[in-house]
Amino acid sequence: MTRPALTLALLGLVLVVSVRGEENVAEKATKSVPELMAALDSSTGDARVEVIEALGGHGAEAAAAVSALLKKLDQEEDAGVRAAAAVALGRIGADGDRVVPALISHFPDSGVVERFEPRYQVIPVFAIYGAAAAEFGEEAVDPLIEALGSDEPRVYLGAAIGLEALGEGAAKAMPKILEMLESDSTQRRNVAAGIIRGIGPAAAEAIPSLVKRLRDENFHTQYWACRALGAIGPASSAATDDLLERMSLGTVSVRRNAAIALGNIGPDIGPEAVAALLEAVDEDPMAPVREEAVIALGKLKPFADKSAAVLKKALADPDFPAPTHAARSLWLLTGDADEAAKWLTKAMGDLTYFQHAVEVLGEMGPDAAPAVDRLIEALGERDPDDRVSAALALGRIGAPATKAEPALRKLLEDEEPQVREAAQSALDALSSNEGVEEN
């Protein structure tokens, strides 16, 4: 638990514990809180997880189960059950003055749980405890700040995850965070920057310290400093020159995140910084850097004239690694929906870009009218996720996509439930002339 890179996974944690077991959780959720509490000591860990998840699904109505769930944290040998109990406690949200300290007291837990979707991950249980504590909002801030000062890595990492999840509500922790940015410990410096990323603009007082960390001897710290400055946004314009230096001298991950930060700061970065982003699109040897530079340009509309030519050049290059992002940025900067739709429709022919191309077309709404025929064709894709994406995009396009209704009705008989649901959502949106948001 001493590797600086550990925070890269933990500070981006999504609080999800996969369902395991013999009986569908949805079926158990129909049971009353007393019935579920009576089943908390089911014979297998899988069954106990399902019961606990069902209790969490009842929210505040399951407040009577708090004591029993806290007991699971103390006595349960199965790490998955302990994690499920923490998640449920957060969802129930009752007795915070008792639950938050209890969760923090368990941060030293060395257990892990496995997640298989959307990709395989091994998640430390303390990370789940930290995210669960954040569910209590302001009530958790002071206890988490205190835990942030611990010498035990699991404790301060769990506290950091909770504080980052609290977002602006964790701004009260800034004195401690600023202290950590000056720590001799690389991991503590990285953790501090990660929390700032969650706090966002309210952490602007950290900008001078973060600029200093852009030249840190450890590239992980440079990475996190870029991410923090980008999350702070326009106030980080004072760091523009330093971010440009990282764009030219940093590792791939640092250059990539410096580009993200410049885009998030916005037009105040000035023409010299825009020129550096344009150069990255044209010349950087690494695809992730070129991609983020393209995305950043899409946020800098005052410089559209200079950017549009470079984006069109990139789109004309069959080897450019981010055509869908280039098309989106071109649309955002120029409003040229026909040009953007042309390139996005072309990108749908490549499995690498299909999903994002469809997502952007949905984002364009009625502007994506020229792509409707191709999206209707995509409703017949073999992959059910592709059919879902195409249906939702058509729903978001709205009135120009009404001719897709027959094909969408056909999908109401699709063998995949998620496809049927997406088709119905799209039909509902089209019938009301409103867009439907992606799930």
Side-chain angles (χ1 to χ4, degrees), residues 10 13-137 139-140 143-144 154 158 161-162 165 416-418 421 439:
L10 298 186
L13 179 75
V14 176
L15 183 57
V16 176
V17 177
S18 60
V19 175
R20 307 175 299 162
E22 307 150 355
E23 186 178 344
N24 189 283
V25 172
E27 295 175 3
K28 277 192 165 57
T30 62
K31 295 182 178 180
S32 69
V33 170
E35 287 175 318
L36 291 167
M37 289 179 64
L40 273 173
D41 293 324
S42 299
S43 58
T44 68
D46 290 344
R48 294 196 294 279
V49 165
E50 289 184 347
V51 169
I52 290 169
E53 288 180 336
L55 278 169
H58 280 279
E61 295 177 1
V66 166
S67 293
L69 291 171
L70 288 174
K71 188 177 293 186
K72 290 296 179 187
L73 297 183
D74 291 329
Q75 300 178 359
E76 181 63 53
E77 293 184 2
D78 187 319
V81 178
R82 298 197 301 276
V87 173
L89 286 163
R91 290 175 177 166
I92 292 168
D95 291 345
D97 58 342
R98 184 161 59 115
V99 173
V100 171
L103 289 167
I104 292 173
S105 73
H106 285 83
F107 282 176
D109 191 327
S110 61
V112 298
V113 294
E114 294 179 297
R115 252 182 80 184
F116 296 91
E117 295 293 341
R119 66 185 186 281
Y120 179 72
Q121 291 176 292
V122 178
I123 304 173
V125 174
F126 72 77
I128 295 170
Y129 293 163
E135 294 291 317
F136 290 85
E139 206 168 357
L144 288 172
R154 292 192 191 98
I161 288 164
E416 298 291 341
Q418 69 269 32
E421 182 180 348
N439 293 331

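- Pairing each heavy atom of I104 with each of P143, the nearest pair is CD1-CB, 3.5 Å.
- In terms of modelled atom types and a separation under 3.5 Å, the side chain of R154 and the main chain of F107 share no donor-acceptor contact.
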>> Run the side chain to side chain contact (heavy atoms under 4.5 Å, CB included) test on H106 and D74 for me, step by step, so that the C-alpha distance in whole Å, both residues' side-chain angles and the decisive distance to 0.1 Å come before the verdict.
In response: CA-CA 8 Å; H106 285 83; D74 291 329; 2.9 Å; yes
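- Residues G80 and V113 come closest through the heavy atom pair CA-CG1, 3.6 Å.
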> What do the steps show when you test L69 against I92 for side chain to side chain contact (heavy atoms under 4.5 Å, CB included), and what is the final call?
Replying inline: CA-CA 11 Å; L69 291 171; I92 292 168; 3.6 Å; yes
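- Heavy atoms only, all atoms of each residue included: I161 and A131 are closest at CG2-N, 3.9 Å.
- Under the side-chain contact (heavy atoms from CB on, under 4.5 Å) criterion, E139 pairs with D97, F136, sequence neighbours left out.
- Remark: E35 CD is packed, more than 12 non-hydrogen atoms of other residues, nucleotides or ligands lying under 6.0 Å away.
- Separating the CG atom in L55 from the CD atom in E61 is a distance of 11.5 Å, to the nearest 0.5 Å.
- K72 places a side-chain N or O within 3.5 Å of a backbone atom of L40 that can act as its donor or acceptor partner.
- Residue pairs that meet the salt bridge (charged side-chain N to carboxylate O under 4.0 Å, His left out) test with at least one member in residues 101-111, sequence neighbours left out, are R82-D109.
- Once rounded to the nearest 0.5 Å, the distance linking CG of L89 with CG of D95 reads 9.5 Å.
- Here the closest non-hydrogen pair linking V81 and G45 is CG2-O, 3.6 Å.
- Between R91 and G56 the shortest heavy-atom distance is CB-O, 3.6 Å.
- Of the inter-residue distances, the one linking H58 atom NE2 with K31 atom NZ reads 10.5 Å to the nearest 0.5 angstrom.
- Closest non-hydrogen pair, A86 versus A132, comes out as O-CB, 3.3 Å.
- Atom CG in L103 sits 6.0 Å away from atom CG in L73 (nearest 0.5 Å).
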